[in-house]
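The figures that follow rest on heavy atoms only: side chains count, while hydrogens, waters and symmetry mates do not. These figures come from a predicted structure and were not determined experimentally.
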Amino acid sequence: MKMVVCGCCATSWRRCVVMSLRLLFLLPAGLPVRSQGESQSDNKQMDNITIRQGETLFLSCSQGDFVTHTAWLNRSSILYAGEDKWSVDPRVSLVTLNQDEFTIKIEDVDLTDEGQYICAVQTSSRPRTTSVHIIVQVPPKIVNLSKDLVVNEGSNVTLMCLANGKPEPAIGWRMLSPSGDSLSSDSEVLEIPFISRYRAGVYECTAANDIAVDTQTVELTVNYPPSVSDGRDVGVTLGQRGVLQCEADAVPEADFEWYRDDRRIFNGFDGIEIEDAGAFSKLTFFNVSETDFGNYTCVAINKLGSANTSIILYGPGAVQDGNSGTSTVFTPTCLLLVVLLQLLLKF
């Protein structure tokens with residue numbers, strides 16, 4: 001058998017196919033080649049076949065009586081000529097070949113398998129072809145996604161998501177973390193100008209077409225300086241245990257420092273214990289003495305800044321003025337002076 005690759009610059013595709021098959025089937029040289037308009041019954045166009053990537057494709061055409069030669073072609077390549085396999089592709093195999101049916105199988109279909117396929121049949125009188133166009137659909141796959149990001153509050157952020165697929169997938173972004181403002185986009189690019197701490201969280205990119213959906217996520221971390229909750233003054237009896245607590249909101253987590261007036265307190269100093277756990281710091285007095293009463297300052301620090309709050313540790317007889325960090329102690333002598341002053345003002 002001989003195989004001819006003919007140029008179609010001056011000859012129609014149908015004529016090229018028939019010319020190739022003439023040599024393949026050893027047809028008589030004088031067998032007429034009909035033009036496209038001569039006989040529609042000899043050249044049948046089937047409806048397009050749509051198949052998903054990875055599935056198995058069956059290509060079948062009817063034979064009829066007095067068939068002498070048959071072949072399946074993919075564009076210009078011969079896949080099978082009768083029972084003889086011409087394709088070197090291991091995915092291609094013969095399923096059925098008899099007087100009624102000629103069927104081949106292509107396993108694990110890929111995008112490269114897309115195109116025109118022709119079943120050529122040579123009867124005792126004339127050749128007959130059946131053609132079909134194969135369309136391969138490919139599920140979406142995200143191929144380029146922004147990495148997890150760590151940015152400072154106020155920065156401009158751009159998230160990118162690119163995907164392949166056929167039909168071309170639609171891209172969408174949405175914010176997953178329930179951290180305040182919701183955010184979404186129907187574009188490959190998600191722009192977040194002047195990002196705030198409330199837009200930190202997990203963002204999901206979705207690529208979808210008629211076949212399937214692919215999703216991937218990006219975690220966005222927003223750094224910001226500490227903010228400290230107002231300290232709550234604490235009253236305690238001499239000899240008892242006293243605990244001062246400090247809470248700070250910061251990313252990255254803040255480091256804590258404690259001060260008594262202008263002097264920093266360290267863990268174990270004068271029997272005092274400092275315990276830090278995430279956003280909290282705790283200053284513990286195990287045996288409060290008179291000298292422990294006073295004003296304490298908690299300072300929260302990270303690489304973007306610091307914040308502080310004052311907390312007063314006071315004893316019995318002290319009356320607190322809210323949480324201002326100051327205390328006023330009224331003794332009986334002070335109370336007597338106030339009463340005398342009020343009496344003098346009446347005269």
Side-chain angles (χ1 to χ4, degrees), residues 48-57 74-75 89 91 106-116 133-228 247-255 278-279 300-307:
N48 294 343
I49 296 178
T50 299
I51 188 170
R52 297 184 181 183
Q53 184 184 45
E55 294 183 343
T56 299
L57 172 66
N74 173 14
R75 296 181 288 273
D89 192 335
R91 301 175 301 133
I106 303 176
E107 298 179 279
D108 194 19
V109 170
D110 202 356
L111 194 60
T112 56
D113 298 315
E114 186 172 87
Q116 192 84 358
H133 190 85
I134 305 301
I135 299 173
V136 179
Q137 293 183 325
V138 181
K141 180 175 180 59
I142 296 173
V143 295
N144 190 354
L145 183 72
S146 295
K147 304 297 183 182
D148 293 345
L149 290 177
V150 179
V151 299
N152 292 340
E153 192 170 38
S155 301
N156 296 326
V157 174
T158 300
L159 299 179
M160 175 74 71
C161 181
L162 301 177
N164 293 335
K166 186 182 179 188
E168 183 177 352
I171 307 295
W173 281 98
R174 68 188 181 108
M175 185 178 182
L176 295 181
S177 299
S179 56
D181 298 336
S182 62
L183 199 63
S184 62
S185 172
D186 294 326
S187 172
E188 295 175 344
V189 178
L190 176 62
E191 300 278 358
I192 312 175
F194 306 107
I195 191 167
S196 72
R197 65 192 69 183
Y198 305 109
R199 287 185 172 173
V202 177
Y203 289 79
E204 179 185 71
C205 172
T206 301
N209 63 12
D210 297 337
I211 312 305
V213 177
D214 188 23
T215 60
Q216 292 189 33
T217 58
V218 176
E219 185 171 1
L220 184 56
T221 302
V222 179
N223 292 332
Y224 53 89
S227 59
V228 179
E247 180 182 2
D249 179 26
V251 176
E253 285 186 346
D255 295 321
I301 305 167
N302 71 6
K303 63 181 182 180
L304 297 180
S306 64

- [ ] Tell me, please, which residues at least two apart from Leu57 pass side-chain contact (heavy atoms from CB on, under 4.5 Å).
- [x] Ile49, Ile51, Leu59, Ile106, Val109, Ile134

TODO: Can you establish whether the number of heavy atoms outside Asp186 located under 6.0 Å from its atom CG is more than 12?
DONE: no

Task: Any side-chain heavy-atom pair of Pro139 and Gln53 under 4.5 Å - done: yes

TODO: Drop me the distance from Asn223's CG to Arg197's CZ, to the nearest 0.5 angstrom.
DONE: 10.5 Å

- [ ] Would you check if the side chain of Glu153 reaches a backbone N or O of Tyr224 as a donor-acceptor pair within less than 3.5 Å?
- [x] no

TODO: Find out whether Val151 and Leu220 are in side-chain contact, i.e. whether some heavy atom of one side chain is under 4.5 Å from a heavy atom of the other.
DONE: yes

Open item on the list: Using only atom types and a distance under 3.5 Å, with no angle test, would you say the side chain of Ser146 pairs donor to acceptor with the backbone of Met160?
Closed with: yes

TODO: Determine the minimum heavy-atom distance between Ala300 and Ala254, stating which atoms define it.
DONE: CB-CB, 3.8 Å

- [ ] Determine, step by step, whether Asp113 and Arg91 satisfy the salt bridge (Lys or Arg N to Asp or Glu O under 4.0 Å) criterion, reporting the C-alpha distance in whole Å, the side-chain angles of both residues, the deciding distance to 0.1 Å, and the verdict.
- [x] CA-CA 11 Å; Asp113 298 315; Arg91 301 175 301 133; 2.8 Å; yes

Task: Inter-residue atom distance Thr217.OG1 - Asp148.CG, 0.5 Å rounding - done: 7.0 Å

Open item on the list: Could you check whether atom CD of Glu168 has more than 12 heavy atoms from other residues, nucleotides or ligands sitting under 6.0 Å from it?
Closed with: no

Open item on the list: Could you tell me if the side chain of Val157 sits less than 4.5 Å from the side chain of Val222, heavy atoms only?
Closed with: no

Task: Any Val138 side-chain heavy atom under 4.5 Å of Asn164 side chain - done: no

Open item on the list: I'd like to know if the side chain of Asn209 and the backbone of Ile211 have a donor-acceptor N/O pair within less than 3.5 Å.
Closed with: yes

Task: Heavy-atom neighbours of Glu253 CD exceed 12 at 6.0 Å - done: no

Open item on the list: Please find the pair of heavy atoms, one from Ala207 and one from Ala163, that lie closest to each other, and give the distance.
Closed with: CB-CB, 3.6 Å

Task: Non-hydrogen atoms of Ala200 and Met175 that approach each other most closely - done: O-CE, 3.4 Å

Task: Asn156 vs Phe194 side-chain heavy atoms within contact, under 4.5 Å - done: yes

Task: Separation of Glu188 CD from Leu145 CG (nearest 0.5 Å) - done: 12.0 Å

Task: Residue pairs involving residues 201-221 (criterion salt bridge (Lys or Arg N to Asp or Glu O under 4.0 Å); sequence neighbours excluded) - done: Arg174-Glu204

TODO: Kindly indicate, with the supporting measurements, whether the criterion side-chain contact (heavy atoms from CB on, under 4.5 Å) is fulfilled by Val136 and Asp110.
DONE: CA-CA 7 Å; Val136 179; Asp110 202 356; 5.8 Å; no

Open item on the list: Is there a side-chain contact between Trp173 and Val218 in this structure, where contact means two heavy atoms from C-beta onward sitting under 4.5 Å apart?
Closed with: yes

Task: Reported CG-to-OG distance for the pair Asp249 and Ser227, which is rounded to 0.5 angstrom - done: 4.5 Å

Open item on the list: What's the separation between atom CD in Glu114 and atom CD in Gln137, rounded to the nearest 0.5 Å?
Closed with: 9.5 Å

